[in-house]
Amino acid sequence: MPRGLRSELSRTEGQYSMTTSERVSSAAEAQVARLRVGDKELALPIEPATEGQSAINIAPLLKDTGLVTLDYGYANTAPTRSAITYLDGDNGILRYRGYPIEELAESTTFLEVAYLLIYGELPNAQQLAAWTDQIRHHTWIRLAYRQFFEAFPTEAHPMAVVASAVSGLSAFYPGSGNPHDAADVELATIRLLAKLPTIAAAAFRRTRSEAPVVPDDDLEYEANFLKMIFADPSKPWVTDPEAAHALRVLLILHADHEQNCSTSTVRMVGSSLANLYVSMSGGIAALWGPLHGGANQEVLEMLEAIAADGGDVAKAVRRAKDKDDPFRLMGFGHRVYKNYDPRAKIIKAAAEPLLMKMHGDDHLLRIALELEQVALSDPYFVDHKLYPNVDFYSGLIYRALGFPTEMFTVLFAMGRLPGWIAQWREMMHDPQARIGRPRQLYVGQPRRSFVPLDQR
Ligand code: ACO
């Protein structure tokens, strides 16, 4: 909660001005921001956050002034209240439902975290057992649905297949269409968490022209996924506990990140009361882009390109700073973190021993560490507050586990799924939720008369 908040926004010729000068003594104390438009003054309520930035509620602005707000990339817009994830980008803090990410990564399972995000509290032993059982019960996919994967070319990117397949669930389970039917939503939640690893593994094996491996319900969530990805069906499967542990930590670290691009997409799709499956598919599509979840694949490709170029890290940094060069250091920078991404810190600590064990001296890790060191001491990166983000080291671990680069963003989607579901469900229970429908600042032609074809 900001103390003694004072901010000023003013516009041309003093026509618009906004002043907030409050002495914030308690969350309950009413606060307002005063906005002057011409000779009219508006008192806009400031809604307090339990932590972090409070919000000026601009809902009455259009009605009372005829003005909208312009905010590219929603950089300054809170489209919702949310009680799921707290993130403080200046201090590198991330918490799910109040619990620090470091503690959750250390002590919980992915399904426990999924439960926490979706239902708001950590499950007790009985709740966790029932929840895990339900998810195990739904891991299988129907034969007709399996054939869906065969329709895709083997060279298809697995994200394309996974996004289509998740959307396809609404065709196979048409009863799950009603966002306000609690039982439907519950079943769709379980199905999604249960089936996404099966779908992701089938998409992966399709790229290898291999038949899917059926789920093994005796295994833990992560071990079952590793088996469906890597098992040779003619040989017995033995789970590598370190690999399962690394995957578990990565899934937990990706499980939610408040109103990011893919989550906002999920909320936007769901705001029209579209069902949970297609809303998740929208999130997967948004995640795929290289500026968002697709960055983990790009990071590895960038490290490989630097290695192929003789390992010239300084050259890559030089290029990233050159405004005439579109090249960016992938895995660096974040809209919200202006400090080291706490997830990257945990992943980096996990990466070194895992890579030593699996690869010996890993040349890409060496390049990554060098790149980080050079970038963090370079004035451009320091001034722009560009630190490694979650994607910088995650790809190295995925690679050490044996995943090809095109699967990296799929793994991100598996991790993010509980967050998307939790956010979608929170929206459906929010009495103030409305269809997402932003405004625009029109800068096109004013009215003009139609010109017939022969006169143009
Ligand atoms: N390399 C070089 N310069 C960068 C980088 C980078 N990775 N990221 C940002 N900058 C610079 C920009 O050129 C800009 O400089 P300027 O103000 O001098 O013109 C400034 O930093 C601000 O950058 P924006 O693009 O305006 O910041 P925004 O908040 O819109 O974008 C983003 C954040 C997309 C993550 C950006 O930092 C980026 O492209 N990073 C690389 C891609 C990446 O790693 N994405 C994963 C993000 S984490 C996630 O989604 C899970």
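Note that ligands are numbered from 1 as they come in the structure, with each ligand's atoms numbered from 1 the same way. The chain is numbered in sequence order, starting from 1. Bear in mind the structure is a predicted one, so any value in this text is a computation, not a measurement.
Every residue meeting the salt bridge (Lys or Arg N to Asp or Glu O under 4.0 Å) condition with Glu372, not counting sequence neighbours, appears here in chain and number order: Lys348. For Phe408, the side-chain contact (heavy atoms from CB on, under 4.5 Å) test picks out Asn296, Leu300, Tyr398, Arg399, Phe403, Thr405, with sequence neighbours left out.
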Quick one: side chains of residues 152-162, donor-acceptor pairs under 3.5 Å with protein atoms, not counting sequence neighbours, listed by atom name and distance.
unit_1	atom_1	unit_2	atom_2	d
His157	ND1	Met159	N	3.0
His157	NE2	Gln297	OE1	3.1

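In this structure, Arg248 is not positioned above the aromatic face of Tyr221 in the sense of NZ or CZ being under 6.0 Å from the six-membered ring centre and within 45° of the axis.
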Measure from every N or O atom of ligand 1 to the protein's N or O atoms and keep only the pairs below 3.5 Å, writing each with atom names and distance to 0.1 Å.
unit_1	atom_1	unit_2	atom_2	d
ligand 1	1 (N)	Leu329	N	3.2
ligand 1	3 (N)	Tyr380	OH	3.0
ligand 1	7 (N)	Leu329	O	2.7
ligand 1	7 (N)	Phe332	O	2.9
ligand 1	13 (O)	Lys323	NZ	3.0
ligand 1	13 (O)	Arg328	NH2	3.3
ligand 1	13 (O)	Tyr380	OH	3.4
ligand 1	15 (O)	Lys323	NZ	3.1
ligand 1	15 (O)	His384	NE2	3.4
ligand 1	18 (O)	Lys323	NZ	3.2
ligand 1	18 (O)	His384	NE2	2.8
ligand 1	19 (O)	Lys323	NZ	3.4
ligand 1	25 (O)	Arg328	NH1	3.0
ligand 1	25 (O)	Arg328	NH2	3.0
ligand 1	29 (O)	Arg335	NE	2.8
ligand 1	30 (O)	Arg335	NH2	3.0
ligand 1	39 (O)	Arg328	NH1	2.7
ligand 1	40 (N)	Phe332	O	2.9
ligand 1	44 (O)	Gly331	N	2.8
ligand 1	44 (O)	Asn389	ND2	2.9
ligand 1	45 (N)	Leu291	O	3.1
ligand 1	50 (O)	His292	ND1	2.8

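One finds no salt bridge joining Asp430 and Arg81 here, because no Lys/Arg side-chain nitrogen approaches an Asp/Glu carboxylate oxygen to under 4.0 Å.
Ring centroid separation for the pair Tyr337 and His257 comes in under the 6.0 Å cut-off.
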